[in-house]
Amino acid sequence: MRADRLLATLLFLQERGRVTVPEVAAELEVSERTARRDLEALASAGIPVYSQRGRGGGWSLVGGARTDLTGLTADEIRALFLVAGPLSDTPELRTTLRKLVRALPTTMRAQAQAATRAGVVDATDWSRNAVTADAAHRSALQGAVVDGIRVRLGYAGVGKPAGERTVDPLGLVAKAGVDYLVAGTDKGLRTFRLSRVTSVEPTGEPLTRPPDFDLATAWRTLSGAFQDGMYAVTARARVHPDALALLQRFLGGRVRVGGPLPDGWTEVWVDGPAAKALAGHLAGLGARVEVLEPPEVRQWLARIGAELTEMYAGEEPHAPHGS
C-alpha cells in the first residue's frame, strides 16, 4: 500500500468533505476495491474517517477535521508554484502539484493555481531545436544522483560518434536553458551536456563522492575553466556605427567598447577562444569591422576572404560533384 496514495486520498477527502468509493477510484485512477481498502486503512490508522451507508452516504472526516500538511506562508506558496508551474511537463510533477494544492487552505488554492499558469517554459531555441535533454535521460540521471548510483553513460561529443563510459553522477546544473551533468570519471570531475546523452544505465554500484564535494563549488571551477578558454584571444578592432549593435548582439559580453575614433568608427576589443574562431565570428560583418591586431586574426580573415572570393566571384555556382 503506497503512502503517497493514502495521502492523496486524505487530501481528496479534505477537499470534498464527503466522497464515495467510485469518486476516489476515479480521482486516483485505481480500482474501487483499492479505493475502499485505502479508506479503511485511513480509519484503522486513527484518522477521523467514517463511512455512512445509504442514499447520500459516503466517506467523511469526522467533524470536518482538516490536516495542514504544508506550514507554508502565502508568499512561500506563491514562490513555490511560480517556479514549479512552468516546469510541470511530466505526469509526476503535475500529480505532485495537485496534491500540494489540495493540502492548502481553501483561501490559498486559487492563488496557487493561478501561479502555476503564470509562466511557460519553451524548450526549443529560435532554430526550433530542443535545448533540454530527453526527459527519460534527465529523469534517470536525477534518480541516480539522488540514490547515489554509478551509471554507464552513452554520450556523443561534438563531432564524435556516441561512446559509453562509466561515471559517478554527482549533480545536475542548468545554465542559460541548457542542462549539464557534473560527474566523477577516471580522469577527474567532468561536465556532460545532457542533450548529447544517448543512454543511461544504472550499474547498481554505489558511486564514489569526493570528500567535501559541493556541487556549486565544483560547477564554478569547471565552468570557469571553460569560460577562460572562451577569452583566450583578444582582438582590437574598429567598427562602423551601423555594425556596433549587431556585433554586441552576436558576441554579448565578449565585446568591450572603447571610445569613438576621429573617423566616426568605434574602437572595440573582442574576445574569442582562438584566432580562427574569432575571425569566423567577425567575418560576417564584412568591411564594417576592421581588426587592427593581433596579426593572427587578420591573417585568418584574409584567408576566409580569399576562399569566399574564389567561391563566389564567378558568375555561375560550381557544379555538384559527380554531375
Exercise. Got a sec, which residues hit side chain to side chain donor-acceptor pair (under 3.5 Å) with Thr198, two or more places apart in sequence or on another chain?
Worked result: none
Exercise. For the atom pair CZ (Arg196) and CG (Leu181), what is the distance rounded to the nearest 0.5 Å?
Worked result: 13.5 Å
Problem set entry | Closest approach of Ala243 to Arg288 (non-hydrogen atoms, all atoms of both residues) | CB-CB, 3.8 Å
For this session: Identify whether Leu222 and Leu215 are in the same connected component of the hydrophobic contact network (ILVMFWY, side-chain heavy atoms under 4.5 Å).
Result: yes
Exercise. In Å and rounded to the nearest 0.5 Å, what is the CG to CG distance from Leu282 to Leu301?
Worked result: 6.0 Å
For this session: Quick one: do Thr9 and Leu42 satisfy side chain to side chain contact (heavy atoms under 4.5 Å, CB included)? Show the steps, please.
Result: CA-CA 9 Å; Thr9 302; Leu42 287 174; 3.8 Å; yes
Exercise. So if you build clusters from Ile, Leu, Val, Met, Phe, Trp, Tyr with side-chain heavy-atom gaps below 4.5 Å, do Leu170 and Ile149 land together?
Worked result: no
Exercise. Does any non-hydrogen side-chain atom of Leu207 lie less than 4.5 Å from one of Glu205?
Worked result: no
Problem set entry | Check: Glu293 and Arg298 side chains under 4.5 Å, non-hydrogen atoms | no
Exercise. Is the closest side-chain heavy-atom distance between Thr217 and Arg220 below 4.5 Å?
Worked result: yes
Exercise. Side-chain heavy atoms under 4.5 angstrom apart, residues restricted to Ile, Leu, Val, Met, Phe, Trp, Tyr: same cluster for Val178 and Trp219?
Worked result: yes
Exercise. Which residue pairs pass the salt bridge (Lys or Arg N to Asp or Glu O under 4.0 Å) test when at least one of the two sits in residues 161-175, sequence neighbours left out?
Worked result: Arg150-Asp168
Exercise. Do Gln142 and Leu172 come close enough that some side-chain heavy atom pair is under 4.5 Å?
Worked result: yes
Exercise. What pairs with Pro22 under side-chain contact (heavy atoms from CB on, under 4.5 Å), at least two apart in sequence or on another chain?
Worked result: Thr20, Glu32
Problem set entry | Sequence neighbours excluded, every pair satisfying ring-ring contact (aromatic ring centres under 6.0 Å, His included) that has a member inside residues 263-310 | His240-Trp265
Exercise. Do you know which two heavy atoms are closest between Ala218 and Leu189, and how far apart they sit?
Worked result: CB-CD1, 4.1 Å
For this session: State plainly whether one hydrophobic cluster holds both Phe250 and Ile304, where clusters connect Ile, Leu, Val, Met, Phe, Trp and Tyr through side-chain heavy atoms under 4.5 angstrom apart.
Result: no
Exercise. Where is the tightest heavy-atom contact between Leu39 and Val24, given as atom of each residue plus distance?
Worked result: CD1-CG2, 4.3 Å
Problem set entry | Close side-chain approach of Leu261 and Thr266, heavy atoms under 4.5 Å | no
Problem set entry | Summary of ring-ring contact (aromatic ring centres under 6.0 Å, His included) pairs that have at least one residue in residues 143-164, sequence neighbours excluded | Tyr155-Phe192
For this session: Give the C-alpha distance, both sets of side-chain angles, the deciding distance and a yes or no for side chain to side chain contact (heavy atoms under 4.5 Å, CB included) between Val289 and Val268.
Result: CA-CA 10 Å; Val289 59; Val268 297; 5.6 Å; no
Exercise. Could you state the interatomic distance from OG (Ser199) to CZ (Arg152), rounded to the nearest 0.5 Å?
Worked result: 9.5 Å
Exercise. Between the side chains of Ser31 and Arg33, does any donor sit under 3.5 Å from an acceptor?
Worked result: no
Seminar exercise, completed: Heavy atoms of Val167 and Pro169 approach each other most closely as O-CD, 3.4 Å
Exercise. Which residue pairs pass the salt bridge (Lys or Arg N to Asp or Glu O under 4.0 Å) test with at least one member in residues 256-270, sequence neighbours excluded?
Worked result: Arg236-Glu267, Arg238-Asp263, Arg256-Asp271
Exercise. Are Lys276 and Arg303 side-chain neighbours, meaning at least one heavy-atom pair lies under 4.5 Å?
Worked result: no
For this session: Kindly compute the distance separating CD (Glu310) from CG (Leu308), expressed to the nearest 0.5 Å.
Result: 10.0 Å
For this session: Would you sort out whether Val270 and Thr234 count as a side chain to side chain contact (heavy atoms under 4.5 Å, CB included), showing the intermediate values?
Result: CA-CA 5 Å; Val270 186; Thr234 300; over 6 Å; no
For this session: State the OG-CZ distance between Ser195 and Arg138, to the nearest 0.5 angstrom.
Result: 11.0 Å
For this session: For Leu194 and Tyr180, work out which heavy atoms get closest and say how close.
Result: CD1-C, 3.3 Å
Exercise. Which pair of non-hydrogen atoms, one from Pro273 and one from Ala232, has the smallest distance, and what is that distance?
Worked result: O-CB, 3.4 Å
Exercise. Do Val291 and Val257 share a hydrophobic cluster, counting only Ile, Leu, Val, Met, Phe, Trp and Tyr and linking them when any side-chain heavy atoms are less than 4.5 Å apart?
Worked result: yes
Exercise. Can you list the steps and then say if Trp59 with Glu23 is a side chain to side chain contact (heavy atoms under 4.5 Å, CB included)?
Worked result: CA-CA 10 Å; Trp59 290 77; Glu23 287 173 342; over 6 Å; no
Seminar exercise, completed: To the nearest 0.5 Å, atom CG of Asp214 lies from atom OG1 of Thr221 at 9.5 Å
